[in-house]
Amino acid sequence: MEEAEPVARFDGMTTGLGQAVPLRVLWHAGRRRWLVHLTYDGGLAEAGALREFAEAVVRIVESREGVHETLLVDDGYGSIEVGMEAVDGAVELSAFLYYDTRQDFVGVSALGEPLFHNFLGSAYLQLDGTVTDEERLVANARALLDRLASTPDAEPVPSPPRYEDVVELVDPDRGHQRLVLSRRVNDGAWRIGVLPTMTTEIDVSGARALADALVTPGLEATVIENDRYRLTVAVEDGTVLCRFTSPGEGRVLEERVRGLDAEVIARNARTLRDALAG
């Protein structure tokens, strides 16, 4: 971040505790990237999204009416959405930070509950406030628009990773309860999801272990094992049992996908075997 050139700064937002959090926009000439930075997070942004936001700032401040939201950052894990709104003669600026905390699963507590950890300590953060210096806000928006117009085309922001499902076992009565195994399109990396609790990448040995569990009733196959938890999967009588175990007494969490037809399980097993063979 220190190598990037500051281009614009938008003030007015605070946390719930009153801490001021400016939104900064920077240009990294070496990488030809636009960067967005908040105190709590940041990321790469497209020039088009920045232009849309800056134009909305100018339009809403000058017209004293309207509302606008722009998605500036979306990397497949976290996203940053900024908003402007004219309310009772004032202009409010906001930012919403969202995180897919299923990717933050780290194990099981002593009470048998899932544990999550990310740098923010939350799945969601809202920043907002009333803009007190509207002239400065518009000046920064115009400066950003001028710089966008004079800057050579930036490198496109990488798209969030795209996955294709190989195994999808869904509880017919509780559709949110499911076991999904996917492959990343560009490089074939494996990702497992025991939803709604967690998703994480696994190596091919974990995918093979899941394949064994799907074709061998009662076999408890270890899909993930690290220093924080072990995930085993077993299939019996139309139910997939996913068991998370962390070191220590009582640190066990079980998630079940019930009501599965035997043919559905067999079809998913065949698809997974074919994917592993290919």
Side-chain angles (χ1 to χ4, degrees), residues 1 4 6-27 33-61 63-105 114 116-134 136-138 140-141 143-145 148 154 156-162 176 193 195-199:
M1 190 66 71
V7 174
R9 170 174 169 149
F10 300 91
D11 292 292
M13 295 181 292
T14 64
T15 66
L17 298 176
Q19 178 189 3
V21 182
L23 171 67
R24 296 182 175 92
V25 179
L26 308 97
W27 168 251
R33 303 274 198 194
W34 288 101
L35 307 174
V36 170
H37 183 251
L38 291 156
T39 302
Y40 296 94
D41 201 4
L44 302 176
E46 295 280 7
L50 293 171
R51 184 176 298 106
E52 177 185 319
F53 169 65
E55 289 174 346
V57 169
V58 175
R59 182 176 66 254
I60 290 174
V61 171
S63 68
R64 319 303 300 174
E65 62 181 15
V67 59
H68 186 84
E69 294 179 350
T70 306
L71 180 65
L72 291 183
V73 175
D74 183 9
D75 61 15
Y77 167 66
S79 64
I80 299 175
E81 185 176 75
V82 293
M84 285 284 299
E85 184 175 8
V87 180
D88 297 331
V91 174
E92 295 187 354
L93 181 63
S94 61
F96 302 87
L97 287 69
Y98 302 92
Y99 302 95
D100 180 8
T101 54
R102 295 173 302 181
Q103 300 182 43
D104 297 322
F105 178 81
F116 302 89
H117 175 76
N118 63 23
F119 69 97
L120 185 63
S122 174
Y124 169 82
L125 176 65
Q126 179 175 345
L127 308 168
D128 53 31
T130 300
V131 177
T132 58
D133 191 340
E134 296 179 5
R136 182 181 178 188
L137 190 78
V138 171
N140 274 271
L144 177 55
L145 289 169
L148 286 164
V157 174
S159 299
R162 188 164 65 89
H176 67 284
L195 306 177
T197 300
M198 59 83 78
T199 61

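Across all non-hydrogen atoms, the minimal contact from Leu195 to Thr199 is CD2-CG2, 3.5 Å. When every heavy atom of Pro160 is checked against every heavy atom of Asp74, the shortest pair comes out as CG-O, 3.4 Å. Taking all atoms of both residues into account, the shortest heavy-atom contact from Pro22 to Leu38 is O-CD2, 3.5 Å. What you find for Ala47 and Leu148 is that their closest heavy atoms are CB-CD2, 3.9 Å. Scanning both residues, Gln19 and Tyr40, for their nearest heavy atoms gives OE1-OH, 2.8 Å. Taking both residues in full, the closest heavy atoms of Ser122 and Tyr99 are given as O-CD1, 3.7 Å, listed atom of the first, atom of the second, then distance.
Between Leu72 and Trp34, every side-chain heavy-atom pair lies at or beyond the 4.5 Å cut-off. Considering only heavy atoms from C-beta on, Val82 stays 4.5 Å or farther from Met13 through its side chain. Between Asp104 and Tyr77 the shortest side-chain heavy-atom distance falls below 4.5 Å. Counting heavy atoms from C-beta on, the side chains of Val36 and Leu23 come closer than 4.5 Å. For the pair Met84 and Val61, the minimum side-chain heavy-atom distance is below 4.5 Å.
Although no hydrogens or angles enter the test, the distance criterion places no donor-acceptor pair under 3.5 Å between the side chain of Arg24 and the main chain of Val7.
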Just distance, no hydrogens or angles: give the donor-acceptor pairs under 3.5 Å from side chains in residues 86-94, sequence neighbours left out.
none

Can you give each donor-acceptor pair under 3.5 Å made by side-chain atoms of residues 124-131, sequence neighbours left out, with the distance rounded to 0.1 Å?
{"unit_1": "Tyr124", "atom_1": "OH", "unit_2": "Gln126", "atom_2": "OE1", "d": "3.1"}
{"unit_1": "Gln126", "atom_1": "NE2", "unit_2": "Asp128", "atom_2": "OD2", "d": "2.9"}

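The 12-atom threshold is exceeded at CZ of Arg64, counting heavy atoms of other residues, nucleotides or ligands nearer than 6.0 Å.
Contacts classified as side-chain hydrogen bond (donor to acceptor under 3.5 Å, both in side chains) and involving residues 47-59 (residues at least two apart or in different chains) are given here: Glu52-His68, Glu52-Thr70. Annotation: salt bridge (charged side-chain N to carboxylate O under 4.0 Å, His left out) contacts involving residues 11-20, sequence neighbours excluded, comprise Arg9-Asp11, Asp11-Arg136.
Annotation: the span from Phe105 atom CZ to His117 atom NE2 amounts to 14.5 Å, rounded to 0.5 Å.
Qualifying side-chain contact (heavy atoms from CB on, under 4.5 Å) partners for Pro6, counting only residues two or more places apart in sequence or in other chains: Leu26. Contacts of Phe96 classified as ring pair (Phe, Tyr, Trp, His ring centres under 6.0 Å), with partners at least two apart in sequence or in another chain: none.
Using bins of under 30°, 30° to 60° and over 60° for the plane-to-plane angle, the ring pair Phe53/Phe10 lands in the perpendicular bin.
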